[in-house]
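Remarks on the structure that follows.
Throughout, a chain's letter reflects where its sequence line sits, starting with A, and its residues are numbered from 1. All values below come from the heavy atoms of this structure, side chains included, with hydrogens, waters and symmetry mates left out.
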Amino acid sequence: MKVSVLFFGATADEAGTREIEIDFADNAKAEEVFGEIVNKFPRLGNHKLLFAVNQEYAGGDETISDGDELAVFTAVSGG
Amino acid sequence: MKVSVLFFGATADEAGTREIEIDFADNAKAEEVFGEIVNKFPRLGNHKLLFAVNQEYAGGDETISDGDELAVFTAVSGG
Amino acid sequence: MPEKEIQNPKSKTQNRLDFYKITTEPLDVGAIARKIVPASCGAIVTLDGFVRQFTKGRETEYLVYEAYEPMALKEMEKLVARAHAEFEIENVGIVHRLGRLEIGETSVVISVAAPHRRAAFEACEWLIKELKRTVPIWKKEVYRGGETWIEGAN
Amino acid sequence: MPEKEIQNPKSKTQNRLDFYKITTEPLDVGAIARKIVPASCGAIVTLDGFVRQFTKGRETEYLVYEAYEPMALKEMEKLVARAHAEFEIENVGIVHRLGRLEIGETSVVISVAAPHRRAAFEACEWLIKELKRTVPIWKKEVYRGGETWIEGAN
């Protein structure tokens with residue numbers, strides 16, 4: 001399956017990109033997928049990261065499906 | 001001594017005037033003066049009244065002097 | 001009624017951007033908040049009080065506000081000084097409108113700028129409570145078939 | 001960046017005058033507060049957050065705000081629904097600005113209209129705290145000689 005992964009702010013800087021597409025085995029768990037993304041961009045490990053699946057905060061147990069929109073970002077700092 | 005007495009809102013309606021001048025014995029206490037004003041306009045007695053002497057809230061112990069500005073009004077309702 | 005304004009009073013208890021004012025002109029909420037912005041602050045909390053259409057089920061046609069103007073300004077000055085003594089705030093702006101106000105028009109604006117927003121919220125809420133208790137301003141409610149001067153609770 | 005706006009969403013948890021929006025345009029604090037005025041209410045409390053010149057002694061040149069826009073709007077919608085569930089309030093308006101903001105420019109406005117001002121103060125303070133915790137927006141601080149993305153505390 002193919003998923004898109006979005007980066008914002010600090011994570012976009014660390015990944016050197018704002019969006020990638022990655023292939024994964026079907027029905028992977030969110031925590032595996034996000035783990036792989038962090039392995040791919042090791043500088044992300046410098047940050048406390050938050051994850052989202054389809055624009056909702058993800059805990060890690062979620063099952064990822066083909067076409068899902070994932071996002072990796074640091075703790076929010078709006079306001 | 002002569003003092004001016006100001007009325008506002010409900011007390012102006014009850015007194016039928018916004019300002020009067022009254023003569024009093026020198027060095028009268030505020031509570032005597034205000035008591036006399038209420039006697040002069042008995043309908044003021046329909047209200048819980050606040051008093052001011054020279055634009056400061058008065059407790060009643062103040063000594064009134066010639067030329068002082070007194071005011072009689074109801075509990076404030078701004079905002 | 002002429003517009004009354006005291007701004008940047010020299011009193012030692014007053015900060016240089018504080019202001020308080022009573023006016024018969026319409027109030028611009030955003031502009032009032034902006035007058036008290038210091039470079040060191042990050043938050044302004046503003047209360048905008050306005051004329052309700054219904055009070056306790058009765059429909060208001062309009063309100064008339066009246067003040068003991070010089071005493072109201074003195075009491076507002078005291079309020080601002082007390083707010084600075086009690087809260088960690090930078091500046092305060094208070095404007096109360098007088099005269100006839102239609103439904104939805106703003107009668108009072110209180111803005112507080114502070115380095116930390118907690119203090120701004122606390123001080124703003126305290127200021128409106130105290131203003132309604134101490135500043136000699138009264139409102140007359142005009143409704144269909146009558147009118148009445150509102151008397152405060154204190 | 002195009003202006004984004006969702007207004008009067010049909011969701012059952014939303015009141016008809018609620019709105020929330022992210023935008024790259026300058027914010028008019030008074031106009032935002034006024035959008036949420038219902039006839040039954042008497043008070044609006046507004047938080048105006050803006051760009052400080054100094055943060056922890058360092059002088060900021062400007063800020064850049066970035067959002068995960070669709071998720072930010074979803075989280076703002078949830079915030080408004082939670083505020084209605086927790087507080088006795090009538091309407092909520094939230095607008096966050098994105099892009100480059102100069103010193104003193106408003107980055108976020110949260111206005112709450114309520115029949116009783118206590119609830120308006122409480123809900124407004126709660127909303128800014130929760131917005132800073134949950135809504136995916138980030139700020140980059142640009143100062144002389146460098147820049148850094150600010151990371152929240154949660």
**Message:** Using heavy-atom distances under 4.5 Å, tell me whether C/I103 contacts chain D through its side chain, its backbone, both, or neither.
**Reply:** neither

**Message:** Working to the nearest 0.5 angstrom, can you tell me the gap between D/R117 CZ and C/I110 CD1?
**Reply:** 8.5 Å

**Item:** Min side-chain heavy-atom separation D/V45-C/V45 under 4.5 Å
**Value:** yes

**Message:** I need the C/T46 OG1 to D/D48 CG distance, nearest 0.5 Å.
**Reply:** 6.5 Å

**Asked** CD of C/E88: more than 12 outside heavy atoms within 6.0 angstrom?
**Response** no

**Asked** Looking only at heavy atoms, what is the nearest atom pair of C/V29 and D/G30, with distance?
**Response** CB-CA, 4.2 Å

**Prompt:** For the atom pair NZ (D/K129) and CZ (C/R118), what is the distance rounded to the nearest 0.5 Å?
**Reply:** 10.5 Å

**Pick from D/G104, D/G49, D/A33 with the largest number of heavy-atom pairs that fall under 4.5 Å of chain C** = D/G104

**Request:** With rounding to the nearest 0.5 Å, note down the distance linking CD in C/E125 to CD in D/E125.
**Result:** 9.0 Å

**Contact class of C/T106 relative to chain D, heavy atoms under 4.5 angstrom** = both

**Request:** Using a cut-off of under 4.5 Å on heavy-atom pairs, state which of C/G42, C/A43, C/S111 scores highest against chain D.
**Result:** C/G42

**Complete:** residues 135-149 of chain C vs chain D, non-hydrogen distance cutoff under 4.5 Å, contacting residues -> none

